[in-house]
Amino acid sequence: MFKSKNLLFLMLLSAFVLILAACGSDDEGSSKTETDNETSSGEAATEEELDFEGTKFVSILTGGTQGTYYPLGGTFADLITTDTGVKATAEVSQASAANMTSLANGDAEVAFVQTDIAYYATNGTLMFEGEAIDSVVALGALYPETVQLVTLADSGIKTFADLKGKKVSVGAPGSGTFANAEQLLEIHGLTMDDIEAQNLDFGESTDGIQSGQIDAAFITAGYPTGAVEALNATNGVYIIPVEADKAEELIAKYPYYAVDNIPTGTYGLESDIPAVSVGAMLAVKKELPEDLVYAMTKAIYDNTDKISHAKGTFIKAESGLDGIGIDVHPGAQRYFDEVK
């Protein structure tokens, strides 16, 4: 009787062990299948896949807080952080020319740059004479940057000729705004010697106009520009036009410009103002991993509906390579090839 009971106990124990083993095998198989499915579908990337060769942080150089680059840079940083897992931050900077130099020096990974400045830098011309930068490439084109010559509506300044002898902000020496100012003055028969040039950023420029310390300011940025909107809230502004014949003359000599127009209602303007523009773009360090740049490009151009700034309507994948005169990073090129 005792032996029978022991035999029965051993049989039950063996059956119990077999059941547990079967359950464990099923769970493991199920878990493996789910993991495989998530990886193949792209819904849940592994830690290794998100590593991007060890890159965990990227800095995006923008411009001054009163321009267009800075708010857009904050949005791009959020999109990149959310979609890639790489922590991106938008940094205040001295904008285009300084940004190209900073990228070349390894001080950041991504930067906003005017297309004309990127061209000068890679070709070693103008402010980059003899100092060509070959370590920076393009991520993608963004939107037109309008060269806005801003003054007060009651200043009496209505044309470029009226600038003679006036205090005019032309941006920092070597900046994109400075180059634009110099070239537009040239087309209108003027030089920096014909004005009292002031080297101010956008916020300082509009503060100077409001206080009467300067008479006008060149501001190259996507409209509406925060600094100009703030000025118009307290003092009516006027944008000095670039007439069609002068725009054609400018473009003939400097083909990276395009005809632009500041529409009625912008800054309270009562009529359209003819203008010219260059392009805004994102540049990156050439050495960044291809998969990372692909992921950042996708994060921005796949989510343009999440860009609240007015210039967001211009940022589109189908025009992401328009107007770029420098090499494109392979990761960005891969993305744009896919969305063609």
Side-chain angles (χ1 to χ4, degrees), residues 52-53 55-63 67-91 93 95-122 133-145 176 222 256 278-304 306-307 309 311-312 314-340:
F52 299 121
E53 297 183 23
T55 305
K56 302 296 183 184
F57 304 94
V58 294
S59 291
I60 305 174
L61 297 178
T62 61
T68 303
Y69 288 170
Y70 185 72
L72 277 177
T75 299
F76 292 170
D78 289 342
L79 294 175
I80 290 170
T81 300
T82 299
D83 278 26
T84 70
V86 173
K87 176 64 176 175
T89 56
E91 310 289 348
S93 75
S96 293
N99 287 355
M100 288 295 292
T101 300
S102 293
L103 285 181
N105 291 340
D107 298 330
E109 291 73 37
V110 187
F112 283 76
V113 185
Q114 290 177 202
T115 52
D116 54 334
I117 300 304
Y119 178 85
Y120 301 150
T122 55
I133 292 175
D134 61 3
S135 58
V136 175
V137 290
L139 182 148
L142 298 173
Y143 58 86
E145 287 204 276
Y256 38 75
V278 291
M281 61 175 279
L282 287 176
V284 295
K285 292 167 59 176
K286 183 185 291 186
E287 66 188 37
L288 286 182
E290 180 176 332
D291 286 345
L292 173 60
V293 177
Y294 171 86
M296 292 194 298
T297 308
K298 183 176 179 63
I300 293 170
Y301 289 89
D302 274 8
N303 294 288
T304 55
K306 298 176 183 176
I307 301 173
H309 192 281
K311 286 302 174 186
F314 291 90
I315 303 173
K316 301 176 182 178
E318 54 265 35
S319 58
L321 297 179
D322 290 357
I324 290 178
I326 67 173
D327 291 341
V328 179
H329 193 287
Q333 186 69 57
R334 173 154 59 98
Y335 169 81
F336 290 118
D337 287 343
E338 287 179 2
V339 298
K340 280 183 179 178

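Ring geometry, Y256 versus Y120: the interplanar angle exceeds 60°, so the pair is classed perpendicular (tilted spans 30 to 60°). A parallel orientation is assigned to the rings of F112 and F76, their planes being inclined by less than 30° (bins at 30° and 60°).
Contact record, A104 with S135: CA-OG, 3.6 Å, taken as the closest heavy-atom pair. Closest approach of L103 to K285, counting heavy atoms only: O-CG, 3.8 Å. The shortest non-hydrogen separation linking V339 to A317 is CG2-CB, 4.0 Å. Across I300 and L79, no two heavy atoms sit closer than the pair CA-CD1, 4.2 Å. The nearest pair of heavy atoms linking A111 to N99 is CB-CB, 3.7 Å. Nearest heavy-atom pair across S96 and Q114 is OG-N, 2.9 Å.
Considering only heavy atoms from C-beta on, I80 comes within 4.5 Å of I60 through its side chain. The shortest distance between side-chain heavy atoms of K340 and D337 falls below 4.5 Å. A heavy-atom distance below 4.5 Å is found between the side chains of T68 and H309. With a 4.5 Å cut-off on side-chain heavy atoms, L282 and L142 count as touching.
Atom CG of D116 sits about 8.5 Å away from atom CD of E145, to the nearest 0.5 Å. Note: D322 CG to F314 CZ = 13.0 Å, rounded to the nearest 0.5 Å. Of the inter-residue distances, the one linking E109 atom CD with L288 atom CG reads 6.5 Å to the nearest 0.5 angstrom. Remark: L139 CG to M296 CE distance equals 6.0 Å, nearest 0.5 Å. Atoms CD and OG1, from E338 and T297 in turn, are 10.5 Å apart once rounded to the nearest 0.5 Å. Between atom NZ of residue K298 and atom OG1 of residue T84 there is a gap of 13.0 Å, rounded to the nearest 0.5 Å.
With no hydrogens or angles considered, a side-chain donor-acceptor pair links E91 and T89 at under 3.5 Å.
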Practice item. Check step by step if side chain to side chain contact (heavy atoms under 4.5 Å, CB included) holds for M100 and V136. Key: CA-CA 7 Å; M100 288 295 292; V136 175; 3.8 Å; yes
Review point. Can you check side chain to side chain contact (heavy atoms under 4.5 Å, CB included) on Q333 and L321, steps first, answer last?
Key: CA-CA 9 Å; Q333 186 69 57; L321 297 179; 3.8 Å; yes
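At a threshold of 4.0 Å, the pair D291-R334 counts as salt-bridged, since one of the basic side-chain nitrogens sits closer than that to a carboxylate oxygen.
The local environment of CG in D327 is sparse, with at most 12 non-hydrogen atoms from other residues, nucleotides or ligands closer than 6.0 Å. No more than 12 heavy atoms of other residues, nucleotides or ligands lie within 6.0 Å of OH in Y70, so this atom counts as exposed by the packing criterion. Atom OH of Y119 sits in a sparse spot, with 12 or fewer heavy atoms from other residues, nucleotides or ligands closer than 6.0 Å.
With hydrogens and angles disregarded, no donor-acceptor distance shorter than 3.5 Å links the side chain of T81 to the backbone of K87.
Residue V137 forms a side chain to side chain contact (heavy atoms under 4.5 Å, CB included) with just one option from V284, T122, V328, and that option is V284.
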